[in-house]
Amino acid sequence: MPELPEVEVLVRHLRPLVIERRICGVEVRRAKSVRPDTAAAFRARLIGGRIRALERRAKFLVFTLESRPLRAAFPLVGHLGMTGRMFLQPRRTALPKHAAVVLDLGGECLVFEDPRYFGRLSLDAAPLEQLGPEPLADGFAPADLRAVLGCSRQPIKVRLLDQQALAGVGNIYASEALFVAGIPPTLPCVRLGPKRVARLWRALRTVLQEAIDFGSTVPLNWSGQNGSDGLFYYGRDPAAPDYYEERLRVYGRQGKPCRVCGTAIRRRVLAARSTFSCPRCQPR
DNA sequence: CACCATGTTCCTTG
DNA sequence: CCAAGGAACATGGT
């Protein structure tokens with residue numbers, strides 16, 4: 001469900017709602033959604049802790065918790081997988097069918113819902129160490145992107161999805177950024193010279209920032225209730241116009257006319273993921 | 001029924 | 001060692 005922009009928007013939304021609140025209850029409804037995956041061990045660590053910070057790293061939500069007596073800080077790392085959501089709801093409201101973990105924050109509960117159960121709430125922060133640079137960081141320059149791409153013949157689209165190379169880009173925004181940059185998804189990394197690297201660098205930042213700005217200004221339905229869970233991740237008010245789908249340039253638009261030149265958008269599979277491009281706007 | 005899905009990991013094959 | 005492909009995870013939408 002989430003790529004970098006969606007997680008960023010979620011974190012900005014959640015932060016003021018959860019910060020400084022104490023976890024007075026933990027209900028693990030799916031042991032597999034939690035690490036360590038014994039509910040008791042997970043609970044014991046969280047109960048009584050206070051949420052001191054919430055940040056995004058790549059597609060992860062990183063909560064900084066402070067334990068009760070010793071004030072020792074430790075991270076709780078969330079990943080939404082494909083279909084995960086997090087939202088607050090009043091304590092006695094009925095939980096959704098696939099609520100995996102519920103943190104009782106006093107008046108309200110923080111619900112981690114995840115129909116496909118690919119997501120995790122984990123006390124192991126080690127995966128964060130392996131991540132590549134943040135494409136939206138101030139210090140991230142075209143030279144850094146060039147370094148990240150390396151000299152392999154791996155298709156550029158596949159490399160963009162590698163979280164150890166670059167953090168946070170997923171299947172939607174990889175196709176979108178390559179379209180904006182005018183680069184074909186199959187182009188080997190070695191063949192991106194300074195000009196293409198500069199265009200891709202700009203395109204990545206544009207596309208990701210645009211999505212964050214969009215998600216920050218449009219009302220989102222965090223629980224996903226009464227909304228189809230469409231391409232923007234938290235469901236929409238059914239009455240609201242479908243802005244987001246209109247915003248995507250190539251993703252999911254197989255066979256439809258390119259918004260720039262009218263050529264039919266092509267879909268192909270790279271590294272087992274659907275990839276969309278315009279044959280004319282993204283020439284070799 | 002068939003096919004698709006925003007992610008990641010693991011295994012096999014070349 | 002590297003790259004690529006497939007399966008697995010589990011459920012829901014079209």
Side-chain angles (χ1 to χ4, degrees), chain A residues 1-10 29-35 37 56-61 77-86 96-100 112-122 124 126-132 149-178 185-190 207-208 211-212 214-215 220-236 238 242 244-245 247-255 267-276:
Chain A
M1 145 167 166
E3 299 185 26
L4 184 157
E6 290 72 32
V7 178
E8 179 65 28
V9 169
L10 175 60
R29 311 174 100 234
R30 269 273 176 155
K32 281 190 162 184
S33 297
V34 139
R35 258 174 214 186
D37 59 7
R56 178 192 62 78
R57 173 77 171 102
K59 303 170 191 173
F60 293 91
L61 299 98
V77 178
H79 197 292
L80 300 175
M82 290 273 262
T83 56
R85 295 193 184 103
M86 284 189 199
K97 183 177 177 184
H98 298 294
F112 171 36
E113 181 205 10
D114 187 12
R116 284 171 77 175
Y117 300 105
F118 290 174
R120 296 284 180 273
L121 265 185
S122 172
D124 176 16
L128 302 179
E129 314 278 305
Q130 314 294 322
L131 295 165
L149 297 182
C151 300
S152 79
R153 273 170 301 285
Q154 188 176 41
I156 177 63
K157 157 70 159 42
V158 177
R159 179 64 63 121
L160 289 178
L161 295 181
D162 181 349
Q163 300 298 297
Q164 306 198 34
L166 190 64
V169 178
N171 205 36
I172 291 178
Y173 296 108
S175 281
E176 295 290 294
L178 287 168
T186 51
L187 193 75
C189 289
V190 224
V207 159
L208 296 172
I212 292 171
F214 174 82
L220 296 172
N221 186 343
W222 301 98
S223 73
Q225 284 168 343
N226 56 305
S228 58
D229 184 15
L231 288 174
F232 211 68
Y233 300 142
Y234 309 108
R236 289 167 298 230
D242 194 348
Y244 191 70
E245 223 163 326
R247 289 168 38 79
L248 293 177
R249 293 160 168 96
V250 288
Y251 185 85
R253 300 193 65 242
Q254 177 183 19
R267 172 186 181 269
R268 72 192 124 188
V269 175
L270 292 179
R273 312 299 301 278
S274 288
T275 304
F276 302 88

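Per chain, numbering begins at 1; letters A, B, ... match sequence-line order.
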Considering non-hydrogen atoms only, spot the tightest contact between [X] and [Y] and give its length.
X        : Y        : answer
A:Gly168 : A:Lys59  : O-CE, 3.4 Å
A:Leu131 : A:Ala167 : CB-CB, 4.3 Å
A:Arg249 : A:Val207 : NH1-CG2, 4.0 Å
A:Val269 : A:Ala272 : CG1-CA, 3.6 Å
A:Val77  : A:Leu128 : CG2-CD1, 4.1 Å
A:Cys189 : A:Leu149 : CB-O, 3.4 Å

With sugar-phosphate meaning primed atoms plus P, OP1 and OP2, does [X] contact a base, only sugar-phosphate, or nothing at under 4.0 Å between heavy atoms?
X        : value
A:Pro188 : nothing
A:Tyr117 : sugar-phosphate
A:Arg120 : nothing

Using atom P of each nucleotide, how far apart are C:dA7 and B:dA2 to the nearest Å?
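One P to the other, the span is 16 Å.
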When the P atoms of C:dG6 and B:dC3 are considered, how many whole Å apart are they?
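Rounded to whole Å, the distance is 15 Å.
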Side chains of [X] and [Y]: closer than 4.5 Å at any heavy-atom pair?
X        : Y        : value
A:Leu121 : A:Ser33  : no
A:Pro127 : A:Phe60  : yes
A:Leu80  : A:Met86  : yes
A:Arg153 : A:Val190 : yes

Can you figure out which of C:dA10, C:dA3, B:dC4 approaches the side chain of A:Lys32 most closely?
C:dA10
Options C:dA3, C:dC9, C:dT11, nucleotide nearest the side-chain atoms of A:His98
C:dT11
Side-chain N or O of A:Lys97 less than 4.0 angstrom from OP1 or OP2 on C:dT11?
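A:Lys97 to C:dT11 OP1/OP2: no side-chain N or O under 4.0 Å.
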Does a donor on one side chain and an acceptor on the other come within less than 3.5 Å for A:Arg268 and A:Thr275?
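A:Thr275 and A:Arg268 do not have a side-chain donor-acceptor pair below 3.5 Å.
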Calculate the interatomic distance between [X] atom [atom1] and [N] atom [atom2]; express it in whole Å.
X        : N      : atom1 : atom2 : result
A:Arg116 : C:dC9  : CZ    : P     : 13 Å
A:Phe118 : C:dT11 : CZ    : P     : 9 Å
A:Ile172 : B:dA5  : CD1   : C1'   : 10 Å
A:Leu61  : B:dG7  : CG    : P     : 14 Å
A:Tyr251 : B:dA5  : OH    : C1'   : 6 Å
A:Arg57  : B:dG7  : CZ    : P     : 16 Å
A:Gln154 : C:dC1  : CD    : C1'   : 14 Å
A:Lys157 : B:dG7  : NZ    : C1'   : 12 Å

Can you check nucleotides 5-7 of chain C for protein contacts, nitrogen or oxygen pairs under 3.5 Å, and list what you find?
none

NE2 on A:His98 to CZ on A:Phe112, rounded to 0.5 Å:
12.5 Å
Per-nucleotide protein contact string for nucleotides 8-14 of chain B, where B marks a base within reach and S marks sugar-phosphate only (heavy atoms under 4.0 Å, - for neither):
B------
Pair pattern of DNA chain C in dot-bracket, where unpaired bases get dots and | marks partners in another strand, Watson-Crick or G-U under 3.5 angstrom:
.||||||||.||||
